[in-house]
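Residues take their numbers from the sequence shown, with the count starting at 1.
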Amino acid sequence: MTFETGNSEAALLTPEEMGRADKLTIESGVLGIVLMERAGQAVARAAGERVATGDNVLFLCGPGNNGGDGFIAARCLAAAGYAVRIFVLKDPAELKGDALEAFERLGPVASNQCGKAIEGDDIADDFISSLGSSDLVIDALFGAGLDRPLAGTVLQLVELVNQSGVPVLAVDLPSGVSGASGLILGGAIKSCATVTFFRAKPGHLLLPGRELCGETRVADIGILAQTLEEISPDTFHNSPELWLGSWPRPGTSAHKYSRGHAVVFGGPMSSTGAARLSAGAALRAGAGLVTLASPPDAMMVNACHLTAVMLRKVSDTGSITGFLADERLNALLIGPGFGVGATTRTVVESLLAAKRAIVLDADALTSFSEDPDALFGMIRSSPAPVLLTPHEGEFSKLFPDIAGDKLQRARLAAERSGAILVLKGPDSVIAAPDGRAAINRNAPPWLATAGSGDVLAGIAVGLLAQGVPGFEAGCQAVWLHGEAGLESGPGLTAEDLAPALKSVIREVVDKSSVGRR
């Protein structure tokens with residue numbers, strides 16, 4: 001995602017919030033047609049980067065403001081020497097407001113190069129002919145504000161564009177993609193690039209919509225950043241801009257004890273690798289000390305693989321309780337390779353009773369699938385942050401009745417459980433009980449490998465050990481995990497991720513140090 005002015009603030013706006021931003025700007029004295037002119041010009045600039053002067057550019061314009069943006073862009077490209085052809089969904093005489101004024105500003109272009117894409121219940125032959133000879137299609141049909149599924153002839157029109165193979169530049173959002181959820185409403189145009197305005201929408205980041213957007217550019221159309229103060233958005237793009245202020249910065253006098261002590265609880269000898277991956281990631285993420293609490297039968301195999309990570313033998317909940325009497329052990333992780341069943345439930349109960357920051361992952365989640373409310377009650381009783389890190393399968397067991405799009409489900413689950421909820425995937429959502437949510441987009445597909453989630457949980461507990469607040473720790477961990485995947489590259493295994501964090505963290509530290517010297 002690129003930003004035309006370099007302003008990459010993390011807020012995401014729903015279509016309704018974007019409508020309010022437009023309204024507030026207009027009420028401040030900026031004419032709606034001025035905003036539309038700026039939007040259309042941004043579309044024209046993006047189109048000009050993709051086709052050469054004289055090439056054929058076909059515009060599909062809807063009846064609302066999205067179509068108005070298209071009319072402005074068409075006028076600009078025609079004036080620059082492009083061969084422009086415009087098709088509208090309805091009689092231009094029925095246009096209203098700023099969209100009508102934008103159409104009237106086309107002047108001779110409208111009378112010479114404008115037709116209807118749909119005639120009655122059929123797609124116009126003129127449109128089909130023009131589509132076949134086009135070098136670029138501008139999708140200015142509906143944008144992010146679409147609130148019902150595409151159907152009938154309009155859906156056929158969209159499918160025809162997709163089948164043509166002609167590259168598409170979408171205005172605001174590919175038509176048919178929900179700006180709020182990223183879901184496909186009946187059908188949707190697949191674009192190679194998208195130009196949106198002021199701030200991106202959740203639909204630009206959430207799947208499957210993200211895959212239809214192509215390269216997304218956020219253009220400045222003159223809406224002031226202060227407008228966000230009136231709107232108070234609670235959904236964000238998970239990027240350093242969101243959480244850099246909470247990044248743990250060791251002071252000059254820092255030592256290992258001041259950077260926190262994370263404890264990872266491991267399982268039996270036959271499944272020790274997951275906990276070791278977590279422990280190594282916690283140490284690499286900056287925790288001053290990390291201890292792997294190991295059952296007696298796994299001590300030797302763990303000792304053969306660990307160096308900087310310490311080992312502690314724990315044989316039952318009594319020994320765990322005695323171990324946690326040391327209050328310097330301030331962040332805990334249980335789940336990776338620990339085992340599923342009643343013993344795990346008992347241990348989780350004792351860890352939550354210790355009132356430490358805690359990450360519950362994998363087996364710790366599955367062990368409560370038959371009685372998730374018992375887990376949620378214990379979480380709500382804990383004053384310390386609790387992170388749950390389920391993938392979709394684990395989520396469905398803990399929250400079988402929660403439906404909706406991914407953003408809705410994560411928010412509802414966080415509210416119900418009282419925990420920071422990290423709903424993992426290529427578009428991971430991090431949600432807090434207070435309603436805040438962040439959507440992640442930097443995870444490469446090669447992160448889908450055994451042990452990758454164990455590393456993520458380890459990064460999270462390492463950040464919690466350093467005192468990072470729960471929501472910010474979840475966001476930082478997910479972003480660092482994605483960047484480590486990108487740094488490692490195709491063919492990675494989970495063992496590659498913790499070493500890759502070193503260069504990723506260096507970049508974050510450099511960013512966090514700007515202005516502090």
Side-chain angles (χ1 to χ4, degrees), residues 1-2 10-15 18 139 142-147 149-150 155 158-159 162 168-170 172-196 199-218 233-239 242 388-396 399 402-414 421-431 436-449 452-453 456 474-475 477-479 481-483 485-486 490:
M1 185 177 296
T2 60
L12 300 174
L13 299 184
T14 65
M18 185 63 206
D139 166 26
F142 301 112
L146 186 68
D147 58 3
L150 299 182
L155 179 57
V158 165
E159 292 172 344
N162 288 341
V168 178
L169 173 64
D172 196 20
L173 203 74
S175 293
V177 174
S178 166
S181 70
L183 296 178
I184 296 174
L185 303 176
I189 280 182
K190 180 173 178 58
S191 65
C192 64
T194 297
V195 179
T196 192
R199 291 295 183 273
K201 319 301 181 294
H204 291 116
L205 277 70
L206 290 166
L207 296 174
R210 188 174 84 200
E211 292 185 311
L212 301 181
C213 290
E215 178 190 343
T216 300
R217 172 179 298 182
V218 182
D234 56 8
T235 307
F236 306 92
H237 172 205
N238 186 28
S239 63
L242 174 62
L388 306 182
T389 55
H391 55 57
E392 287 285 0
E394 293 159 344
F395 183 94
S396 66
F399 308 97
I402 291 183
D405 63 71
K406 189 166 189 175
L407 186 58
Q408 289 176 320
R409 289 186 292 120
R411 275 199 167 105
L412 289 170
L421 197 290
V422 178
L423 182 49
K424 296 186 292 192
D427 55 348
S428 292
V429 174
I430 306 95
R436 288 175 295 162
I439 306 169
N440 197 71
R441 61 166 289 152
N442 71 342
W446 41 89
L447 273 176
T449 186
S452 175
L456 172 60
C475 292
V478 171
W479 187 88
H481 187 245
E483 289 295 303
L486 292 170

Residues two or more places apart in sequence or in another chain: which of them pass salt bridge (Lys or Arg N to Asp or Glu O under 4.0 Å) with [X]?
X    : answer
D172 : K201
E211 : none
D427 : K406
R409 : E392

Quick one: list whatever passes side-chain hydrogen bond (donor to acceptor under 3.5 Å, both in side chains) with D405, sequence neighbours left out.
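D405: no side-chain hydrogen bond (donor to acceptor under 3.5 Å, both in side chains) contacts found.
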
What pairs with [X] under side chain to side chain contact (heavy atoms under 4.5 Å, CB included), at least two apart in sequence or on another chain?
X    : answer
I184 : A188, P208, L212
T194 : A170, P174, S191, H204, C213, T216
A410 : L421, L423, V429, A431
N162 : V158, I189, K190

Within the 4.5 Å heavy-atom criterion, are [X] and [Y] side-chain neighbours or not?
X    : Y    : value
T235 : I439 : yes
N442 : E483 : yes
R217 : L169 : no
D234 : R411 : yes

Minimum-distance pair of heavy atoms, taken over all atoms of [X] and [Y]:
X    : Y    : answer
P15  : A144 : CG-O, 3.2 Å
G186 : P149 : N-CB, 3.9 Å
S175 : G143 : OG-N, 3.9 Å
G482 : P444 : O-CD, 3.5 Å
P390 : F395 : CB-N, 3.7 Å

Applying ring-ring contact (aromatic ring centres under 6.0 Å, His included), can you list everything that pairs with F236, at least two apart in sequence or on another chain?
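With neighbours one apart ignored, the set is empty.
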
Under 3.5 Å: donor-acceptor pair, side chain of W446, backbone of G485
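Yes, because the side chain of W446 sits within donor-acceptor range (under 3.5 Å) of the backbone of G485.
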
How long is the gap from [atom1] on [X] to [atom2] on [Y], to the nearest 0.5 Å?
X    : Y    : atom1 : atom2 : result
H481 : L486 : NE2   : CG    : 11.0 Å
Q408 : I402 : CD    : CD1   : 11.0 Å
N238 : I430 : CG    : CD1   : 4.5 Å
R441 : L206 : CZ    : CG    : 11.0 Å
C475 : R436 : SG    : CZ    : 8.0 Å

Should L150 and L185 be marked as a side-chain contact (heavy atoms from CB on, under 4.5 Å) after you check the CA-CA gap, both sets of side-chain angles, and the distance that decides it?
CA-CA 6 Å; L150 299 182; L185 303 176; 5.6 Å; no

